Amino acid sequence: MATINVRDLSLYFPIIGADSQSLKRYLKSVAIGGSLAKRGSGSLQPLLVALKDVSFSLKPGDRLGLIGANGSGKTTLLRSLAGAYAPDKGSIEVTGRIASLLDLNLGIDPSATGLENIRLRGLVAGLSLKEIESKMEAIAEFSGLGPFLAIPIKSYSSGMQARLAFATATSVEAEVLLMDEWIAVGDADFRAQAHMRLTSLVERAHILVLASHEPHLLRSLCNKVMRMDHGVASEIVDIDRMDELLERPIATPAF
Amino acid sequence: MKRAARAGVLGEFRESIGDFVESFAKLPIAWHLATHDIIARYRGSVLGPWWITITMGALILGIGINYAALFHLKVADLLPYVAVGLVFWSYISMTLNEGGEAFISAGPMLRQSALPLPLFVARCIIRNLINLMHHIVILVAVMLWFRIFPGWGFLWAILGVVLTTLNLGWMILLLALSSARFRDVPQIVSALLQFVFFLSPVFWKPTQALEKSPLVSANPFYFAIQSVREPLLAGALPVEDLNTLAPLALAGWVVTFFVYAKIRRRIVHYL
């Protein structure tokens, strides 16, 4: 059974190769992005606070939408849920197989064919070669790319690449699906298909976490929403109350 | 999937061991990525990786015949010596050269999946082992031509390859860890390797006077090459070389493990 448990998660990024003092002064005046902090006294290397004390939990059937300005920590949170980052404070626990669609180009070799790239992506997503071969036909069919699968994907449009990536990632039989909003690059026809696929995933008691700036995309796919500001998460509210979240003023970062 | 903040030194050790165990379980992924690397690098080329084999064959012929004439040595003596030396040296130096990029080149993957870091060290080693397999053709040809039959030495040579690879493993893990933060490291390594290549008895034979020089007696690269060259050409068990390589691998891995446990959390942020 899929669950997500995030407790007091804080994540700091070291900033390399920047003058910490002037950077800090400058960043104070900017409304987007994480906030800066100083590592213990004596260290000159500044830290970017990407996530600060984020806590929430999701249960099967939850479809969480993440909203927030650019640089507010949505993608960082998604990557943390994918297991890419080790927390500086707190913990993340995800049960169930995870599929992440964060980067269209993950494991993608532009000069390799569509079929080869399905294999690459599948492997990175945690499928065995055998599983990939058995799903190949279904993935190829769902992507709707037909004969294009046999040509190098450098000749694909970004929408076609999105189809390939989405078809592969959602075939992983994942219980937890993490998505950044790029899925919007597909055409209307594909978006309808993708929507059906996502709905059926969620109906099978799976969890979806989707970061997006598009209120209507979130309304159609999610049933809960959470807002991020400078790495700080709001409480999770019902999707019907999204406007309320959107109207809140942006909190200034605390240094 | 569980990720948590630092929980004491022992906790970090446990997680580090977990990374290695997971990497081992996921070796098929490393294998597939490595073969894909080779296919991708030589896409559109008819001979593909065999090109390096051909280049190396030409170099071996050139050095073997030319140097034999220059220094009044027998071609039958020098050429096989140079052949094994260069083939194995190229495995060592290519692995070390590419090792620094192991994490950097996998940046996009590491930033959005839970794949463990050591997996990408394995990918680099497997890729270079596959290249080494191509070059073995040269050795077979040379040994047939000069009628050298190593007998059991063949098995000892494999032991030499294994021990050398174990050493390369910790070396490139260290290199990959430091290169992620300090991007000069791969450049420094490639400059140093060029230097080491000329200083080490790869294509020249150490004279008796040189045997005691640290270039020969304390040169791990020389031990590595000899651990394969001696058994292949003389059929002998290279006791001294293996006795050096095994403790070196052990010590190297212990040190590298501590370094890994200390900085593994930060690596993804540097990419």
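These numbers come from a predicted model, not from an experiment. So you know, we letter chains A, B, ... as the sequences are listed, proteins then strands, and number each from 1.
- In the displayed structure, Trp156(B) atom CH2 is contacted under 6.0 Å by at most 12 heavy atoms of other residues, nucleotides or ligands.
- The neighbour count for Lys262(B) NZ, taken as heavy atoms of other residues, nucleotides or ligands under 6.0 Å away, does not exceed 12.
- Chosen from Ala82(A), Ala86(A), Ala84(A), Pro87(A), the residue pairing most often with chain B at heavy-atom distances under 4.5 Å is Pro87(A).
- Heavy-atom neighbours of Phe13(B) CZ from other residues, nucleotides or ligands within 6.0 Å: above the threshold of 12.
- In this structure, the ring-ring contact (aromatic ring centres under 6.0 Å, His included) partners of Tyr260(B), at least two apart in sequence or on a different chain, are Phe20(B).
- Going from atom CG of Asn117(A) over to atom NE2 of His36(B) covers 6.5 Å, rounded to the nearest 0.5 Å.
- The environment of Arg197(A) atom CZ is dense: over 12 non-hydrogen atoms of other residues, nucleotides or ligands sit within 6.0 angstrom.
- Residues of residues 74-81 of chain A that come closer than 4.5 Å to chain B, counting heavy atoms only, are Arg79(A), Ser80(A), Leu81(A), ordered by residue number.
- The distance between the ring centers of Tyr85(A) and His269(B) falls below 6.0 angstrom.
- Shown here are the ring-ring contact (aromatic ring centres under 6.0 Å, His included) partners of Tyr156(A), two or more places apart in sequence or in another chain: there are none.
- A distance of 8.0 Å separates CZ in Arg6(B) from CG in Asp88(A), rounded to the nearest 0.5 Å.
- Of residues 37-50 of chain B, those residues lying under 4.5 Å from chain A by any heavy-atom pair are Ile39(B), Ala40(B), Arg43(B).
- In this structure, the separation between CG on Leu102(A) and CZ on Arg111(B) is 11.0 Å, given to the nearest 0.5 Å.
- Looking at Leu123(A), both its backbone and its side chain come within 4.5 Å of chain B, counting heavy atoms on both sides.
- In this structure, Arg3(B) contributes its side chain and Gly83(A) its backbone to a donor-acceptor pair below 3.5 Å.
- In this structure, the separation between CE on Met109(B) and CZ on Arg121(A) is 10.0 Å, given to the nearest 0.5 Å.
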